[in-house]
Amino acid sequence: MKLKILLASAASFLLTSPALAIGPNCPADYAAQARGLIAQQVKEGLFTGTVLIAKDGVPLLREGFGAANREWDIPNAPDTKFRLGSVTKQFTAVAIMQLVEAGKLSVDDPISKYYADAPATWSKVTIKHLLTHTSGIPSYTGIPGFFEKNAQLPMKPEEIIKLTQDKPLEFEPGSKFAYDNSGYVILGYVIEKVSGQTYADYLSQKILQPLGLKNTGYDVSTQILAKRATGYQPSKDGWRNAEYLDMTIPYAAGSLYSTVDDLLVWDRAMSDGKLLTEASRKAMWTDYGHNYGFGWAVNPQSGHERISHGGGIHGFSTSLNRYPKDGLVTIVLSNFQAASANPLANNLAGLCFGTYTPPKAIAVPTATLDKYVGSYLLMPNFILKIYREGEKLITQATGQPPIPVIATAPGEFYAAGPNAKISFKQTGDSPATSLTLHQGGRDMEAPRIPDKP
C-alpha cells in the first residue's frame, strides 16, 4: 500500500438529493452540515463518490457527489457500484467464521493443514494469525515493483501465495502486527479448499444471495456491470484514468464491488446476526492487541466504540465505519484513488457526536503568505512545494497534484481531503525555516531547501 500525503485533483460537479430522516443524537441540521463538509472537498477536487450515513438503519444522508464517469459526465448516485478494496476483508472473515460454525475448520488450525506447500517456517502460523495480520508472512503487495510487473496479468491464488512463501517471516507468528494482504489471499484459498467452491461462488451463495445483496460481487473487468464507476488517480497534471488492475490480483484481500445501499444492508446484517452467531461476531470484533479483530479494525473514536475498515485500490478509496452502541454507520465510497475516505468517514461521525468541528478559515495578508512559499524536504527525494495563488496557499508533493490549504491560525494551515495540518516555523520578516506536516497521528518535520528549477 502506498503512503497518501496530501493527494487531490480537479473539482467535479455535485449531485444532491434530499436526506431521508434525522436520527436521535445528531444535530437537527446534521444533513446540511455533512453535505457542506463533503461539498467543500468536492469543490477543491478532493472527493468524488457516494456517501451514506444512517442511524439505526435509517439514512440521514444518502447522496452521490461528482462524476461516476468524467468523460461522459455521468453523476455518482446511491446505486453506483464501486470497487471496495480492503473492505473486502470483512466479507472474507465472515466466510471463515461461517465455516468455523459449520465445524469445518478452527481459527487455531495451522495453515499447513490446508495448504500442502506451506514451508516449514509457517508451521506455527494459524488461521487466526492470518485474520489478525500477525502471521509474519510478507505481503505480496509490498514486493518492490510488484504492481508495475504484475498488475495486468491474471494470477491464481496459489501463484500469489508462492510469491512470498519462500521469503523469511518478518517476525515470530503472533508477536507483532503487520498489515498483510498475503494472509487474506491464503484465507481465500482456505475457503475454496474447505467449501469445495470458488471464493466468488461461496460468497455469492452463502452471504450475498441470502442477504439480497444484488449489487455486490466479485469484480471482473471483462464483464458488463451496469452502473460501475470509473476509477481515477491523481497525477501532477490533474486527474487521469486509473491504471488497469486484473481483479484476480487482490482476490480475497480486495476484489469485491458494492454500493452504499448494499453496505447498509450488510451493516444491519452484522447487527442483527443474520449470518453469524453472537459468539462469532464477538470473536470478530475483539481487539487482539493491535486495534484489529478478524477483518475489522477495532478502535474507539472519541469515546465511541468503532468497528471499521478502509480500502484503497487502483482508482478507488473506501471506508465503512460502524458505531454499534450509537447505531450509527458512515459509508464513504470514492472513485478517486487519492480521496481520503477514512478521515471523511471519521469526521462525518464526529459531526453527529459533536466531537468534530470543521476548521474555520482566517484571513492572512499575502505578504505573510509569501514567507511560507518555498520547498521543504519531507524525506529523501520527497519534497513539499508551497506556492501562492491569489490569497491562498497551494501545496504540491513530489509527483502529486496540487492541494489548496486554508489558514486556521497564524502559521497554521489545514488540508481538508487528506485531513492534514501544516505548521510553519517562521519569525519576524524572515522566510519560514521549516514546516511540520501533521497527518495520521504522525508529525513530519521538513526543513526549507533551495528551490529547484
Side-chain angles (χ1 to χ4, degrees), residues 1-15 38 40-50 64-77 80-86 141 144-153 219-222 224-225 227-247 249-250 254-255 257 310-319 332-344 378 381-385 387 389 394-405 415-420:
M1 300 299 173
K2 298 180 179 179
L3 178 66
K4 293 181 182 177
I5 299 181
L6 296 177
L7 292 171
S9 190
S12 58
F13 69 91
L14 169 66
L15 173 71
I38 302 165
Q40 182 62 35
Q41 294 197 21
V42 174
K43 179 181 178 181
E44 295 184 356
L46 306 176
F47 180 77
T48 178
T50 302
F65 300 83
N69 183 285
R70 298 175 67 83
E71 291 159 318
W72 286 90
D73 207 25
I74 298 171
N76 278 312
T80 301
K81 298 181 179 73
F82 298 82
R83 287 181 175 174
L84 297 182
S86 287
T141 53
F146 170 78
F147 286 109
E148 289 80 359
K149 297 176 182 178
N150 300 282
Q152 299 183 18
L153 304 175
D219 198 359
V220 178
S221 301
T222 55
I224 303 300
L225 184 61
K227 300 184 179 180
R228 185 209 312 257
T230 300
Y232 299 96
Q233 66 188 51
S235 72
K236 63 181 180 180
D237 299 319
W239 289 33
R240 56 174 293 188
N241 288 313
E243 299 289 342
Y244 176 80
L245 175 67
D246 190 282
M247 295 305 286
I249 302 296
S255 282
Y257 67 84
I313 196 167
H314 291 45
F316 297 85
S317 177
T318 60
S319 185
V332 178
L333 304 180
S334 177
N335 56 324
F336 179 41
Q337 186 173 328
S340 294
N342 281 335
L344 180 55
L378 279 169
N381 300 316
F382 196 83
I383 297 170
L384 186 62
K385 281 185 171 291
Y387 59 95
E389 285 187 356
I394 307 295
T395 67
Q396 185 167 19
T398 300
Q400 299 180 6
I403 295 178
V405 294
N419 203 33

CD1 on I394 to CD on Q396, rounded to 0.5 Å: 9.5 Å

Any donor-acceptor pair under 3.5 Å from S255 side chain to M247 backbone: yes

T48 side, atom OG1; L333 side, atom CG - distance, nearest 0.5 Å: 11.5 Å

Nearest non-hydrogen partners of Q152 and Y244, listed with the distance: CG-CD2, 3.7 Å

N/O donor-acceptor pair under 3.5 Å between Y232 side chain and R70 backbone: yes

N/O donor-acceptor pair under 3.5 Å between E243 side chain and H314 backbone: no

Heavy-atom side-chain contact between L46 and I403 under 4.5 Å: yes

Sequence-distant partners of K227, salt bridge (Lys or Arg N to Asp or Glu O under 4.0 Å), two or more places apart: D79

Sidechain-backbone polar pair: S317 side chain, A339 backbone, donor-acceptor under 3.5 Å: yes

Contacts of type side-chain hydrogen bond (donor to acceptor under 3.5 Å, both in side chains), residue D219, not counting sequence neighbours: R83, R228

Nearest-0.5 Å distance, CG of residue L384 to OG1 of residue T398: 8.0 Å

Value rounded to 0.5 Å, distance of CD1 in I249 from CZ in F146: 4.5 Å

Closest contact, heavy atoms only, S340 versus P343: O-CD, 3.3 Å

Note, N76 side chain near F65 side chain (heavy atom, < 4.5 Å): no

Heavy-atom closest contact (P250 atom, I313 atom, distance): CG-CD1, 3.9 Å

Value rounded to 0.5 Å, distance of OG1 in T80 from CD1 in I74: 9.5 Å

Approximate separation, where rounding is to 0.5 Å, of L344 CG and F47 CZ: 5.5 Å

Exercise: identify the closest heavy-atom pair between Y387 and P402: OH-CB, 3.2 Å

Side-chain donor/acceptor of S334 to backbone N/O of G49, under 3.5 Å: no

Any donor-acceptor pair under 3.5 Å from S319 side chain to G310 backbone: no

Contact summary for Q337 and P234, nearest pair of heavy atoms: CB-CD, 4.5 Å

Check: N335 side chain, A67 main-chain N or O, donor-acceptor pair, under 3.5 Å: yes

